[in-house]
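Only a predicted model underlies this, so the values are computations on that prediction, with no experimental measurement involved. So you know, we letter chains A, B, ... as the sequences are listed, proteins then strands, and number each from 1.
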There are 2 protein chains.
Amino acid sequence: MAGVSQSTVSRSFSPNAKVSEGTRRKVMDASRELGYRPNTITRSLITRSSRTIAVVTYSLENPFYSFMLEKASRFFQAQGYHLLMFFAPPSGDFDAVLDDIIRSQVEGVLMLAITMTQHQTGLVDDFGIPVVIINRTVDYAGISQVGSDNVQGGYWAGRHLASLGHRRIALLGGLPDSSTHQQREAGFLEGLHSMDQTCPAIEIGNYRYDDACQATRRLVGSPTPPDALFAANDLMALAAMEILRHEFALEVPGDVIDPALNLRRSPEVAPASAAPGITQHLVQVHGLVARLRLDQHNGQDRPNGPPSSSR
Amino acid sequence: MAGVSQSTVSRSFSPNAKVSEGTRRKVMDASRELGYRPNTITRSLITRSSRTIAVVTYSLENPFYSFMLEKASRFFQAQGYHLLMFFAPPSGDFDAVLDDIIRSQVEGVLMLAITMTQHQTGLVDDFGIPVVIINRTVDYAGISQVGSDNVQGGYWAGRHLASLGHRRIALLGGLPDSSTHQQREAGFLEGLHSMDQTCPAIEIGNYRYDDACQATRRLVGSPTPPDALFAANDLMALAAMEILRHEFALEVPGDVIDPALNLRRSPEVAPASAAPGITQHLVQVHGLVARLRLDQHNGQDRPNGPPSSSR
DNA sequence: CTGTTAGCGCCTTCAA
DNA sequence: TTGAAGGCGCTAACAG
């Protein structure tokens with residue numbers, strides 16, 4: 001319809017190709033009339049570039065990850081890339097997913113809060129597909145990882161709560177096998193230790209809202225409930241606050257209860273010093289810090305300042 | 001290496017193709033040794049099936065949508081499809097995104113909380129790509145839509161709050177142009193009207209957490225604050241509760257304050273009848289109902305029961 | 001059951 | 001600046 005060859009059509013749709021303005025216009029006019037659009041998928045066959053990135057995750061329950069997903073997606077989209085979603089089965093074995101990913105010719109893989117074994121890394125690496133592990137760390141070299149300093153974060157949280165005068169600071173832990181949990185726990189215990197304290201109770205919330213609710217009930221319902229709580233991520237902190245506030249009628253931070261009555265009292269009625277009360281205080285460091293960093297990153301590059309203090 | 005033709009290799013990787021067991025094994029052995037994997041993208045060229053679905057959305061800030069994204073993604077993945085993410089620019093003009101989508105040869109489009117004009121629908125339809133609009137409605141025919149009965153939901157919410165005895169029931173509205181906002185508002189006002197009431201105040205939260213916080217401050221800070229609040233979605237309800245509880249020291253539901261003092265009091269100190277108090281009550285219907293339905297849907301089909309009552 | 005052949009829609013030489 | 005030819009890796013149709 002435009003009276004030109006296939007090659008010229010192809011060139012007309014390539015911004016950098018050399019086509020005369022008149023020809024390009026003719027091609028575009030004809031394309032509009034015919035409803036023609038270049039086929040991205042076929043193009044990728046010859047250019048060997050799918051302009052596609054795989055994202056692998058177990059769950060988007062934690063809003064932190066859908067936040068990252070959106071940011072990453074917009075970032076890639078701005079340069080003509082798109083994210084292809086892969087969800088790992090809860091079982092934990094995602095070799096089949098990796099196979100799927102390799103076959104799909106993606107040009108990169110984002111592991112969102114998923115650890116890979118060295119063998120799995122090698123699998124993908126053999127195809128020249130770069131992998132970035134987000135918010136998990138592995139103990140072998142040769143793979144890109146992005147995350148926060150979880151040990152420091154946990155350390156600060158522990159010291160912070162202890163420095164406020166709390167003496168029974170419990171841990172609401174994440175997935176036991178995850179590097180984040182292990183590092184935050186280690187840092188936290190170290191932080192307590194640095195203040196000559198130990199952790200009286202650890203309950204596991206698996207980084208899940210519902211599990212964290214249960215864990216909080218166990219913690220607070222125990223004969224010697226904690227007087228402060230460190231949650232290993234935002235989502236569990238929200239769960240804990242919800243339970244503390246609305247099942248145990250506590251305020252976070254700062255309220256005081258008489259455990260014998262299990263009733264909320266104003267400080268004047270039952271001051272902390274007058275009864276074996278429980279003051280609730282809850283700290284969650286990692287997610288908040290990472291979120292701030294991401295937001296800053298949206299703007300422009302900035303020098304590496306020292307990590308911010310807790311809270 | 002396996003001593004067979006290209007076709008036989010191809011067939012060996014097609015579960016339903018007829019290949020002798022021995023040949024298939026030889027092919028698989030050689031593939032493993034060579035590190036060969038079929039190229040999904042090239043396959044789609046000849047089969048004319050990309051096994052890819054586009055998801056378009058403005059934002060994943062509302063966890064309801066990342067929830068749906070995960071469910072949809074797992075559903076499709078189970079049958080060999082994958083989701084390709086497209087984020088619409090905040091401006092609202094996403095014709096370029098639609099063009100991108102068409103070129104990408106997806107076999108379907110999920111519009112997550114995005115409305116399309118009839119012209120835009122036609123654009124995609126001309127390529128034979130089915131579109132499903134999720135949680136928005138359009139006023140022309142020929143396009144699939146999935147959502148809840150927002151008018152009924154709003155109606156129930158309005159009546160419910162009025163029947164509890166509230167008399168200044170404000171609305172925390174969503175995106176003014178969205179069908180969900182308009183329908184929930186219409187139903188809500190109708191529900192109030194059915195109880196011989198009118199809405200004293202409407203503030204817009206744009207379905208966003210931060211905007212909803214601001215809107216709540218305006219509502220509660222006004223000279224005649226509401227005694228109940230209907231939020232047009234979960235995310236804004238969470239924002240409102242956060243502000244009410246922690247900036248205004250109110251309990252949701254059920255606390256009572258003396259607006260002159262703006263202090264929280266226990267009912268014994270300042271019973272609702274003793275002063276022009278504000279009893280807070282907050283209802284959000286839509287997201288909850290939709291979420292329940294989705295979860296049920298995970299299990300198995302069930303008969304269409306009547307829509308559940310509010311709360 | 002297996003091999004040969006053709007072609008999916010595009011891009012990239014190479015010539016003109 | 002444009003056109004012709006070849007090929008990306010795969011599958012479908014057709015023989016054998």
Any A:Val55 side-chain heavy atom under 4.5 Å of A:Phe86 side chain
no
Whole-Å distance between D:dC8 C1' and A:Ile41 CD1?
14 Å
Of the listed D:dT2, C:dC1, C:dT4, the closest approach to the B:Ser5 side chain comes from C:dT4
Between C:dC1, D:dG9, D:dT11, which nucleotide gets closest to the side-chain atoms of B:Ser20?
C:dC1
Closest of D:dT11, C:dC8, D:dA4 to the B:Arg48 side chain is C:dC8
Could you identify which residues of residues 6-15 of chain B place a heavy atom less than 4.0 Å from some atom of DNA chain C, listed by residue number, or say none?
B:Ser7, B:Thr8, B:Arg11
Flag the pair A:Arg37 / B:Asp99 as yes when at least one side-chain heavy-atom distance between them is below 4.5 Å, and no otherwise.
yes
Closest of C:dT4, D:dC10, D:dT1 to the B:Thr42 side chain is D:dC10
C:dT4, D:dC10, D:dC8: which one has an atom nearest the side-chain heavy atoms of B:Tyr36?
D:dC10
Whole-Å distance between D:dC10 P and A:Ile46 CD1?
14 Å
Can you tell me how far apart CE (A:Met68) and CG (A:Leu110) are? Round to the nearest 0.5 Å.
7.5 Å
Among C:dT12, C:dC8, D:dT11, the nucleotide that comes nearest once only the side chain of A:Thr47 is considered:
C:dT12
Rounded to whole Å, how long is the line connecting atom CZ of B:Arg25 with atom P of C:dC1?
15 Å
Check this for me, if you would: do A:Lys26 and A:Asp29 make a salt bridge, where the nitrogen-to-carboxylate-oxygen distance has to be below 4.0 angstrom?
no
Quick one: does A:Leu112's side chain get under 4.5 Å of A:Asn135's, heavy atoms only?
no
At 4.0 Å (heavy atoms only), tell me whether B:Arg37 reaches a base, stays on the sugar-phosphate, or touches nothing.
sugar-phosphate
Roughly, in whole Å, what's the span from CG in B:Asn39 to P in D:dT11?
9 Å
Whole angstrom value for the distance that separates P of C:dG7 from CZ of B:Arg43
22 Å
What does A:Gly22 touch in the nucleic acid at a heavy-atom separation under 4.0 angstrom: a base, only the sugar-phosphate, or nothing?
nothing
Whole-Å distance separating the NZ atom of A:Lys18 from the C1' atom of C:dA16:
14 Å
Which whole-number value in Å describes the distance from A:Arg103 CZ to D:dC10 C1'?
13 Å
Result for 5'-nearest mapping on DNA chain C, choosing between B:Leu45 and B:Thr23, is B:Thr23
Check A:Arg51 with A:Glu107, please: is the shortest side-chain N to carboxylate O separation under 4.0 Å?
no
Start with the C-alpha gap between B:Arg103 and A:Ile41, add the side-chain angles, then the distance that decides, and say whether side chain to side chain contact (heavy atoms under 4.5 Å, CB included) holds.
CA-CA 8 Å; B:Arg103 294 187 187 202; A:Ile41 244 175; over 6 Å; no
